Every structure is written in structure tokens, then in C-alpha cells.
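Since the structure comes first, as C-alpha cells, the remarks are kept for the end.
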There are 2 protein chains.
Amino acid sequence: MNLPPIIQSFVLHFGEMGSRWGINRTVGQIYALLYVSEEPLCADDIVEALGISRSNVSMSLRELQAWNLVIMRHLPDDRRDFFTTPDDIWQILRTLAEERKKREVDPTLSVLRELLMQKAGNEQERYAQSRLAEMNTLIEQLTNWYDDVKRLDTERLATLLSLGAKVTKLLDAKDRIVSIGRRRAEPDER
Amino acid sequence: MNLPPIIQSFVLHFGEMGSRWGINRTVGQIYALLYVSEEPLCADDIVEALGISRSNVSMSLRELQAWNLVIMRHLPDDRRDFFTTPDDIWQILRTLAEERKKREVDPTLSVLRELLMQKAGNEQERYAQSRLAEMNTLIEQLTNWYDDVKRLDTERLATLLSLGAKVTKLLDAKDRIVSIGRRRAEPDER
DNA sequence: CATAAATTTCAGAAATTTCTGAAATTACCG
DNA sequence: CGGTAATTTCAGAAATTTCTGAAATTTATG
């Protein structure tokens with residue numbers, strides 16, 4: 001591996017974190033490299049930059065494509081495939097959330113629903129089902145919230161984020177304001 | 001493994017999902033078993049239920065304790081350690097979020113900050129740093145939001161969730177209401 | 001359609017992670 | 001203390017995942 005120091009550190013870090021994030025080292029390194037590269041890279045660029053085998057690059061790129069985390073591009077008069085990450089980091093975040101949900105949450109939700117349809121055979125199973133029901137409800141609340149929020153454009157999403165918990169205070173304030181509005185004048189919104 | 005069918009399916013599912021969630025099969029199975037068990041279990045109960053070695057149970061419980069996902073309890077006149085999960089699933093969610101942040105996000109944030117302090121050696125590194133800066137900003141926004149929201153009590157958190165994207169609409173509405181309030185009367189809140 | 005370039009596939013090697021059984025340690029009790 | 005039950009540690013075995021090189025396939029071109 002022969003990269004400028006800052007880039008190398010970043011690439012190595014992503015490689016090490018890979019296992020915690022459910023991807024492997026090479027996939028993490030390739031992603032990091034593409035993320036900080038201004039121009040799209042072809043497979044052999046990656047081989048050279050990271051010092052890994054061509055076939056490993058091929059399989060790892062395939063993995064990244066399955067995650068929708070990289071974009072394949074073509075240059076005129078060049079039949080090689082080139083790869084980049086999207087420029088917009090908010091878009092990357094959305095993709096990441098979507099794919100992780102698909103892989104890490106949806107299968108569990110579907111198992112929970114199936115197990116909740118079954119008839120408990122004894123007291124032990126009845127208790128277990130009550131716990132599964134709690135988990136199911138929680139995950140449904142979270143995914144409903146997520147489905148709602150993911151449709152926001154970036155600007156509104158950023159607003160929502162910057163508000164954080166203040167939202168609930170705003171809600172309280174809004175209730176008071178509405179009641180003041182009702183007392184003193186008829187607002188044109190409910 | 002000899003468990004009632006519903007519990008067995010749930011335990012096996014958590015085991016399979018384990019690798020996607022960054023824990024291993026046994027840890028996933030033990031957690032699932034404890035989660036659906038009404039009474040605390042001791043290590044030998046787990047050995048028997050899951051058909052795995054005593055030492056594996058010991059190491060996996062240690063791992064779950066490191067994640068703060070299980071609680072150790074003692075029964076009178078019994079020197080064995082018993083284990084359960086917290087009853088409150090919202091509390092479980094908070095713990096999970098906290099621990100995943102600690103393991104999956106914080107190390108990256110710290111690397112990003114360090115790399116952003118360094119002086120770029122060339123144009124390639126300058127571009128890379130601009131990308132790192134974007135990532136750093138995004139992660140900071142997300143973690144600030146998280147730090148804010150995690151302090152909410154369960155009721156307010158549930159309210160926030162159920163609102164979802166409607167929050168931004170409420171904000172718009174609130175602006176209009178406030179302006180109406182201002183025009184027609186002096187509200188006692190800003 | 002022959003050739004060449006690029007990419008993918010895949011069997012087995014290498015590396016890593018997980019699991020076990022035996023031994024060591026700890027905690028408690030009379 | 002000495003004994004016993006419970007737990008932990010850890011070296012190596014087993015299982016799984018990752019990686020490679022060689023061969024096969026795909027794609028474009030004259």
C-alpha cells in the first residue's frame with residue numbers, strides 16, 4: 001500500500017472498523033479509498049493502491065454494488081469500469097440506513113410477525129410471545145418513524161436533526177400558543 | 001437444543017442474525033433466550049437449553065455484560081449467578097444505541113478529527129480532507145441529535161417517534177400560529 | 001470470427017473467529 | 001484452613017470467512 005499518509009490512515013481505519021460494521025476489511029478499505037478520491041478509480045488502480053489481488057477487488061466491488069454504495073462509470077474510449085461514491089454524503093447516509101434496515105431489521109420483523117401468529121403451546125411460550133410482541137411493537141414504531149423521515153429532503157432533515165429534543169419543548173410551546181390563539185383570536189390552522 | 005418451538009425459532013433466528021449485528025451466533029442465541037425467559041437463568045440452564053459448552057456460555061455472558069445487555073442476579077441460598085435482560089425494552093434500545101455508538105461511531109469520529117488536524121501534503125490530500133470534513137460534520141450532527149434525544153423519557157421519545165416527519169410540518173404551522181399570535185395578541189412565550 | 005482486454009468465477013490456501021475440554025482460579029462454607 | 005461448587009481462563013481444535021491465482025467468461029474491436 002503506497003498512499004499519502006492522511007488517506008492511508010483513513011483507509012486503514014475503515015478496514016479495521018469493517019468487521020464491526022458487518023463488512024470485511026477489504027470492502028471497508030476500498031470504500032474509504034473511493035470516498036476520498038476525487039476521480040473515479042478502476043479496479044487496477046485499487047489493486048495498486050491497496051496491494052490486494054485483482055479477484056478480491058472484483059468481489060469486493062460487487063459487494064459494494066450490492067449495497068448501492070458505489071457508482072459504476074465509464075470514460076469515453078476506455079472499456080474499463082470506473083467506480084466512485086456519490087458526492088452527496090446525505091445520500092450516502094440514506095443508502096446506508098436503507099440497506100442496513102433491509103439486512104439487519106426486516107428479517108427479524110418478519111420472523112417476529114410469523115411467531116406472533118402461532119398459538120402458544122404453554123405458559124412459557126405465552127410469556128415469550130408477550131416479549132416478542134413488545135419487540136415487534138418497538139421495531140414497528142422505529143421503522144415507521146424511519147419511513148417517514150427518510151422522505152424528507154436534506155434541508156428539512158438537517159433542521160430536524162438540529163432541533164433534536166427541543167422538538168418536544170416546541171410541541172409543549174405550540175400547545176400553549178394554540179390555546180392562547182384560541183382565547184384571543186381564531187387561528188386559521190388547527 | 002430442546003426448547004418449545006416458538007422460543008427455539010426465535011433463538012435460532014437471533015443466532016443467525018448475530019453475524020450481521022456484529023455479535024456471534026452463541027451470544028445472539030443466549031441473548032434471545034434470556035430475553036424471552038420469564039425467570040433468570042443460570043449458566044447451566046443455558047448450557048442445557050442451547051447444547052453448547054459451559055466455557056462458551058461463560059465467555060458469551062461476559063461479552064453480553066460488556067455490552068450492558070444482561071443483568072446478573074442472585075437468589076437467596078444459591079451461590080450461582082443468574083442472568084436476565086432488563087424488562088423495559090426502551091431501556092434495552094437505549095443501551096444498544098449507546099454501546100453501538102461507542103463501538104461503531106466514536107472511534108471513527110476520533111480518527112476523523114485527528115486527520116483533519118494534519119496539514120495536507122498535496123492536492124490529493126486536500127481533497128481527501130474536504131471529504132473527511134463532510135463526514136465529520138455529518139457524524140457530529142447525528143451524534144448531537146442522538147445525545148439530545150437519548151435524554152428524553154420514554155413517553156416523550158414515543159411521542160417524537162410517532163410524529164415522525166410531521167414535526168417539520170408542525171414547525172411550519174407553529175411559525176404561522178406564532179405570527180398570527182403576534183398580529184392579534186402578545187403571546188407570553190417566545 | 002479471431003483476438004485482446006477486462007472482468008468474474010471458484011477451488012483451495014491463508015487468516016480469523018468461534019468453540020471446547022481440561023486446568024486454574026475464585027467464592028463460599030463448615 | 002480444607003473442601004466443594006461455580007466460574008473463568010486458555011491452548012488448541014473446529015468452523016467460518018477472506019483472499020488468491022489460475023482458468024473461464026464476457027465484452028469490444030478490427
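Atom set for the values below is all heavy atoms of this structure, side chains included, hydrogens, waters and symmetry mates excluded. All figures in this text were calculated on a predicted structure; none of them were measured in a lab. Convention: sequence-line order gives letters A, B, ...; per-chain numbering from 1.
Across the protein-nucleic acid pair, B:Asp44 atom CG and D:dT7 atom P stand 7 Å apart, rounded to whole Å. The CD-P distance, from A:Glu63 to C:dT8, rounds to 14 Å in whole Å. With rounding to whole Å, A:Phe83 atom CZ is found 12 Å from C:dT8 atom C1'. For the pair B:Asp77 CG and C:dC28 P, the interatomic distance rounds to 13 Å; values are reported in whole Å. As rounded to whole Å, 13 Å separates atom P of C:dT8 from atom CG of A:Leu64. Between the CG atom of B:Asn56 and the P atom of D:dA15 there is a distance of 13 Å, rounded to whole Å. A straight line from CE of B:Met72 to C1' of D:dA6 spans 12 Å, rounded to a whole angstrom. Across the protein-nucleic acid pair, B:Asp78 atom CG and D:dT4 atom C1' stand 15 Å apart, rounded to whole Å.
Comparing atom distances between the A:Arg62 side chain and each of D:dC19, C:dT7, C:dT9 picks out C:dT9 as nearest. Nearest nucleotide to the side chain of A:Arg25, out of D:dG21, C:dT16, C:dT7: C:dT16. If you check D:dA6, D:dG21, C:dT8 against the side chain of B:Arg80, the one that comes closest is D:dA6.
Each of B:Ser58 and B:Arg79 has a nearest nucleotide on DNA chain D; the 5'-most of these lies closest to B:Arg79. For the pair A:Ser19 and A:Leu61, both in contact range of DNA chain C, the more 5′-proximal nearest nucleotide belongs to A:Leu61. Annotation: of the two residues near DNA chain C, A:Met59 and B:Gly51, the 5′-most nearest-nucleotide partner is A:Met59.
The main-chain N or O of A:Leu115 is found under 3.5 Å from a side-chain atom of A:Gln129 such that the two form a donor-acceptor pair. Panel note: side chain A:Glu125, backbone A:Gly121; a donor-acceptor pair is recorded below 3.5 Å.
On a pure distance criterion of 3.5 Å, a polar donor-acceptor pair joins the side chain of B:Ser55 and the base of C:dG21.
The phosphate of C:dT7 has OP1 or OP2 within less than 4.0 Å of a side-chain N or O from A:Arg54. Phosphate proximity of D:dT17 to A:Asn24: absent, as no side-chain N or O sits under 4.0 Å from OP1 or OP2. Between C:dC19 and B:Thr26, a contact under 4.0 Å exists linking OP1 or OP2 to a side-chain N or O.
Between A:Glu98 and A:Lys150, at least one side-chain N (NZ, or NE/NH1/NH2) sits under 4.0 Å from a carboxylate O, which counts as a salt bridge.
Residue-level contact check: A:Asp81 touches the backbone only, with heavy atoms under 4.0 Å from sugar-phosphate atoms and none from bases.
With a 6.0 Å cutoff to the six-membered ring centre and a 45° limit on the axis angle, A:Arg103 does not count as a cation-pi contact of B:Trp21. Geometrically, B:Arg131 engages A:Tyr35 in a cation-pi contact, judged by NZ or CZ lying under 6.0 Å from the ring centre and within 45° of the ring axis.
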